[in-house]
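Reviewing the structure listed below.
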Amino acid sequence: MSSAGRRPFIAGNWKMHKTVGEAVALVRELAGMVSGVGETVEVAVAPPFTAIQPVAQALAGTRIGVAGQNCHWEASGAFTGEVSAPMLKEAGCRYVILGHSERRQFFGETDESVNRRLKAALANGLVPIVCVGETLAEREAGRTLEVVSRQVRGGLAGFDAAQVGGMVIAYEPVWAIGTGRTATSAQAQEVHAAVRALLAELAGGDTAARVRIQYGGSVKPDNAAELLGQPDVDGALVGGASLKASDFAAILRAAR
Ligand code: 13P
């Protein structure tokens, strides 16, 4: 636990990687490696939709939870290519990632659509992991905090304190995703502290103190401890390094 009592939360975002067979093999390996870590650290993996149910079955009885990588705002309907929150829930998800920068960049996701998806996630008992983060151009223009604040305000618009208290925020600078170029721990801490201050403004200090804020963007076994050592960094959303059981397990140990 951090000094503020927030339980570290490490999630692996597999993105569009792993067939069903590969996914089940990976979580079997992972379950064996993390059996001793799970108590102090909350752990989840986010496989592609096709692998959610078999992964959830393979992880039954372990402390590793399963996350979707997105969900639609309607429960069902004519929305080709989308998956709904109740579908994720029934398939075995406890969490759902929303507003990832790849969804924003390649699939037209906006703060407004993230807000609608977030409502559906909460209504269906899924814990949302809401992603925010600036591009390199925005950082270089000195607009990081402005952009991240706009994303948090827009995504979380209309939710009360109890609802905000049930969310996880992930700060993922776009320029650090998949580039091997991570934010420094000071850069991460600055944004995390600003997000927490904004949450306090939106939902009160007690709620803000409870919400976990993950860092994402080239988190690896060799930089995880430094990032996770920051007072407002409560976990990590891990991409590439979550595809290898030994690397993901090493990041979990760093969080402990
Ligand atoms: P990488 O860890 O591969 O940089 O990806 C981060 C990410 O986008 C997690 O959601």
Side-chain angles (χ1 to χ4, degrees), residues 8-18 22-23 26 30 41-49 51-52 55 64-71 88 93-107 109 114 117-118 121 126-136 138-139 144 147-148 151-152 155 167-185 187-188 191-192 195 212-228 230 233-255:
F9 178 23
I10 309 289
N13 175 10
W14 293 3
K15 309 191 180 184
M16 196 172 73
H17 294 284
K18 304 293 177 187
E22 291 165 348
L26 176 56
L30 199 57
V41 181
E42 194 167 323
V43 188
V45 293
F49 293 132
I52 284 173
V55 161
I64 305 176
V66 180
Q69 296 181 14
N70 184 26
C71 75
L88 291 181
C93 287
R94 194 182 304 159
Y95 311 90
V96 62
I97 298 170
L98 292 174
H100 191 279
S101 66
E102 287 148 19
R103 299 289 322 164
R104 295 176 190 260
Q105 194 178 342
F106 304 126
F107 303 102
E109 207 76 68
V114 171
R117 293 175 197 268
L118 195 42
L126 292 166
V127 175
I129 302 174
V130 185
C131 301
V132 297
E134 81 288 2
T135 64
L136 185 59
E138 288 163 343
R139 174 162 284 270
T144 298
V147 168
V148 169
Q151 292 170 332
V152 172
M167 298 176 188
V168 175
I169 310 287
Y171 168 55
E172 299 204 304
V174 177
W175 49 271
I177 294 177
T179 58
R181 181 178 166 195
T182 181
T184 65
S185 53
Q187 286 172 325
V191 179
H192 284 229
V195 169
R212 271 93 51 92
I213 307 175
Q214 299 175 318
Y215 169 79
S218 297
V219 176
K220 307 289 176 201
D222 63 1
N223 61 24
E226 164 78 17
L227 287 159
L228 292 165
Q230 299 304 305
V233 178
D234 309 312
L237 187 54
V238 184
S242 72
L243 298 172
K244 201 172 152 203
S246 58
D247 282 357
F248 193 61
I251 292 169
L252 295 176
R253 285 194 296 275

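Along the sequence shown, residues are numbered consecutively beginning with 1. These numbers come from the heavy atoms of this one structure, side chains and all, not from hydrogens, waters or symmetry mates. Numbering of ligands and ligand atoms starts at 1, following listing order.
When hydrogens are left out, the protein atom nearest atom 5 (O) of ligand 1 is Lys15 NZ, 3.3 Å; that is the closest non-hydrogen contact. With respect to atom 9 (C) of ligand 1, the closest heavy atom belonging to the protein is Glu172 OE2, 2.8 Å. When hydrogens are left out, the protein atom nearest atom 3 (O) of ligand 1 is Gly240 N, 2.8 Å; that is the closest non-hydrogen contact. Among protein heavy atoms, atom 2 (O) of ligand 1 sits closest to Gly239 N, 2.9 Å.
Atom NZ of Lys244 is surrounded by 12 or fewer heavy atoms from other residues, nucleotides or ligands within 6.0 Å.
Between Thr179 and ligand 1, no N or O atom pair is found at a separation short of 3.5 Å. Checked against a 3.5 angstrom limit, the closest N/O atoms of Gly178 and ligand 1 fall inside it.
When all heavy atoms are compared, the tightest approach of Val219 to Ile251 is O-CD1, 3.9 Å. Annotation for Leu243 and Lys18: closest pair O-NZ, 3.7 Å, computed over non-hydrogen atoms. The minimum heavy-atom distance between Gln69 and Phe49, with the atom names listed, is N-CE2, 4.2 Å.
Contact of the Val114 side chain with the Arg104 side chain is registered, since non-hydrogen atoms from C-beta on lie closer than 4.5 Å. Gln187 places none of its side-chain heavy atoms less than 4.5 Å from the side chain of Thr144.
Counting only N and O atoms by type, the side chains of Tyr215 and Thr182 include a donor and acceptor under 3.5 Å apart.
Listed by atom number, the atoms of ligand 1 under 4.0 Å from Gly217 heavy atoms are 4 (O), 6 (C). Near Ala176, with a cut-off below 4.0 Å to any heavy atom, the atoms of ligand 1 are 4 (O).
Under 4.0 Å from ligand 1, the heavy atoms of Asn13 that appear belong solely to its side chain. Contact annotation for Cys131 and ligand 1: no heavy atom of the residue comes within less than 4.0 Å of the ligand.
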Practice task
Start with the C-alpha gap between Val130 and Gln151, add the side-chain angles, then the distance that decides, and say whether side chain to side chain contact (heavy atoms under 4.5 Å, CB included) holds.
Solution key: CA-CA 10 Å; Val130 185; Gln151 292 170 332; over 6 Å; no
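Which of Gly216, Gly180, Ser218, Ser101 comes nearest to atom 1 (P) of ligand 1 through a heavy atom is settled by distance: it is Ser218.
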